[in-house]
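Each remark here refers to the structure printed beneath this line.
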Amino acid sequence: SASSPTERDQAAEAVRDVIKTTTAAFSDILRFNLNIYLRGRTLMTMVFGLFEILIADLEPVDVTKPLTITGRFVDNTTNMSGKVRVKDGTSTYKFYKPFTASGTLDFTQGGLWNPTLDLKAVYNGRRMNTQNNEPETYRVDIDITGTKQRPIARWSYYRNQRKQEGDSAKITGDALMMLLVGRTQDELTSS
């Protein structure tokens with residue numbers, strides 16, 4: 001017996017559905033091993049936490065050595081190796097305020113998702129000194145090492161180009177307060 005056009009369409013659709021579920025997509029069976037040479041401007045955004053984002057303008061540390069990406073998409077075995085420089089002056093680290101960022105990201109050990117960090121973030125600000133009511137410049141530096149998943153931050157700050165010395169916990173607290181409110185912990189307590 002002849003079937004109607006609707007029945008044929010439904011049968012064809014059922015066959016297509018079976019084929020789709022039993023046949024792997026091309027990207028699922030693809031294994032890749034790519035060498036990537038960075039030419040021109042290459043921007044990368046790396047989210048560290050709720051308030052920390054690196055927007056890096058990347059360049060190769062050694063133009064003769066490419067980044068290498070290997071793996072498969074289907075089982076999430078992608079991996080990357082190689083080292084890139086975070087360009088000073090065109091890269092930004094955002095932690096409550098925009099810092100200029102520089103340093104390197106090394107994907108050799110931790111791969112694409114957990115590179116080794118060697119970064120420096122610098123914020124320059126101005127404020128009124130609470131003691132003499134004079135304008136003052138300050139700078140907050142964060143040296144970030146470790147890995148993306150376990151970063152280690154060392155803080156320092158400068159007032160009128162003079163590095164502030166003392167206990168590391170106090171320096172870290174003062175640097176953070178300078179960022180947030182433009183005052184040191186002692187200045188906040190005395191006011």
| message | Checking the side chain of Ser91 only, and the main-chain atoms of Asp57 only, is there a donor and an acceptor separated by less than 3.5 Å? | response | yes

| message | Could you tell me if the side chain of Leu58 sits less than 4.5 Å from the side chain of Leu43, heavy atoms only? | response | no

| query | If only atom types and distance count, is the side chain of Asp174 paired as donor or acceptor with the main-chain N or O of Gln185 below 3.5 Å? | reply | yes

| field | Single-linkage hydrophobic cluster, 4.5 Å side-chain cutoff, Phe48 and Leu50 together | value | yes

| Any side-chain heavy-atom pair of Met46 and Leu105 under 4.5 Å | yes

| Can you get from Tyr158 to Leu180 by hopping between Ile, Leu, Val, Met, Phe, Trp and Tyr side chains that sit under 4.5 Å apart? | no

| task | Would you mind reporting whether Arg126 and Pro135 have side-chain heavy atoms less than 4.5 Å apart? | result | yes

| said: Quick test of your reading of the model: are Glu187 and Arg127 salt-bridged, counting only N-O distances below 4.0 Å? | reply: yes

| Sub-3.5 Å donor-acceptor pair from the side chain of Thr42 to the main-chain atoms of Leu38, do we have one? | no

| task | Indicate if Leu119 and Val122 have the same hydrophobic cluster label, given that clusters are the connected sets of ILVMFWY residues with side-chain heavy-atom separations under 4.5 angstrom. | result | no

| request: Examine Tyr37 and Leu34 and state if one hydrophobic cluster contains both, with Ile, Leu, Val, Met, Phe, Trp and Tyr joined whenever side-chain heavy atoms are less than 4.5 Å apart. | output: no

| request: Show your reasoning for whether side chain to side chain contact (heavy atoms under 4.5 Å, CB included) applies to Ile53 and Thr45. | output: CA-CA 7 Å; Ile53 298 173; Thr45 301; 3.7 Å; yes

| message | Set out, in order, the CA-CA distance, both residues' side-chain angles and the distance that settles side chain to side chain contact (heavy atoms under 4.5 Å, CB included) for Ile142 and Arg154, then state yes or no. | response | CA-CA 6 Å; Ile142 310 172; Arg154 283 186 296 291; over 6 Å; no

| said: Do Leu54 and Trp113 sit in one hydrophobic cluster, given that two such residues count as connected whenever their side-chain heavy atoms are within less than 4.5 Å of each other, even indirectly? | reply: yes

| query | Can you check side chain to side chain donor-acceptor pair (under 3.5 Å) on Asn129 and Glu134, steps first, answer last? | reply | CA-CA 5 Å; Asn129 188 316; Glu134 295 286 322; over 6 Å; no

| field | Separation of Ile55 CD1 from Thr90 OG1 (nearest 0.5 Å) | value | 11.5 Å

| Taking the six-membered ring of Tyr138, is NZ or CZ of Arg159 closer than 6.0 Å to its centre and within 45° of its axis? | no

| Worked verdict on Phe99 versus Asp141 for side chain to side chain contact (heavy atoms under 4.5 Å, CB included) | CA-CA 9 Å; Phe99 289 69; Asp141 292 358; over 6 Å; no

| task | I would like to know whether Gln164 and Ser156 meet side chain to side chain contact (heavy atoms under 4.5 Å, CB included); could you show each step before the answer? | result | CA-CA 7 Å; Gln164 303 300 296; Ser156 58; over 6 Å; no

| request: For residues Tyr157 and Val140, determine if any side-chain heavy atom of one lies less than 4.5 Å from a side-chain heavy atom of the other. | output: yes

| Asn114 side chain to Lys148 main-chain N or O, any donor-acceptor pair under 3.5 Å? | yes

| message | Within this structure, what is the CZ-CD distance for the pair Arg39 and Glu59, rounded to the nearest 0.5 Å? | response | 13.5 Å

| query | Between Gly82 and Asp106, which heavy-atom pair has the shortest distance, and what is it? | reply | O-OD1, 3.3 Å

| query | Nearest 0.5 Å, what's the CZ-OG1 distance between Arg31 and Thr70? | reply | 10.5 Å

| task | For Thr184 and Asp186, test the side chains for any donor-to-acceptor distance below 3.5 angstrom and give the result as yes or no. | result | no

| request: For residues Thr145 and Leu117, determine if any side-chain heavy atom of one lies less than 4.5 Å from a side-chain heavy atom of the other. | output: no

| task | Please confirm whether the backbone N or O of Thr137 pairs with a side-chain atom of Asn160, one donor and one acceptor, at under 3.5 Å? | result | yes

| field | Taking every non-hydrogen atom, the tightest pair across Thr92 and Pro98 | value | CG2-CB, 4.1 Å

| said: With a 4.5 Å cut-off on side-chain heavy atoms, are Arg85 and Pro60 touching? | reply: no

| query | Counting only heavy atoms not in Lys65, do more than 12 fall under 6.0 Å of its NZ? | reply | no

| message | Quick test of your reading of the model: are Lys83 and Asp118 salt-bridged, counting only N-O distances below 4.0 Å? | response | no

| Are there more than 12 heavy atoms of other residues, nucleotides or ligands under 6.0 Å from atom NZ of Lys87? | yes

| request: For residues Phe32 and Thr78, report the shortest heavy-atom separation together with the two atoms involved. | output: CZ-CG2, 3.4 Å

| query | Are side-chain heavy atoms of Thr104 and Val61 found at a separation under 4.5 Å? | reply | yes

| said: Please give me the minimum heavy-atom distance between Asn79 and Gly111, naming the atom from each residue. | reply: OD1-CA, 3.1 Å

| request: Using atom types as modelled and distance alone, determine if a side-chain donor or acceptor of Thr68 lies under 3.5 Å from a backbone N or O of Asn35. | output: no

| Can a donor-acceptor pair be found between the side chains of Glu52 and Tyr93 at a distance below 3.5 Å? | yes

| request: State, with a plain yes or no, whether a side-chain heavy atom of Ile69 is found less than 4.5 Å away from one of Phe107. | output: no

| request: Verify the ring-centre separation between Tyr123 and Trp155: is it less than 6.0 angstrom? | output: no

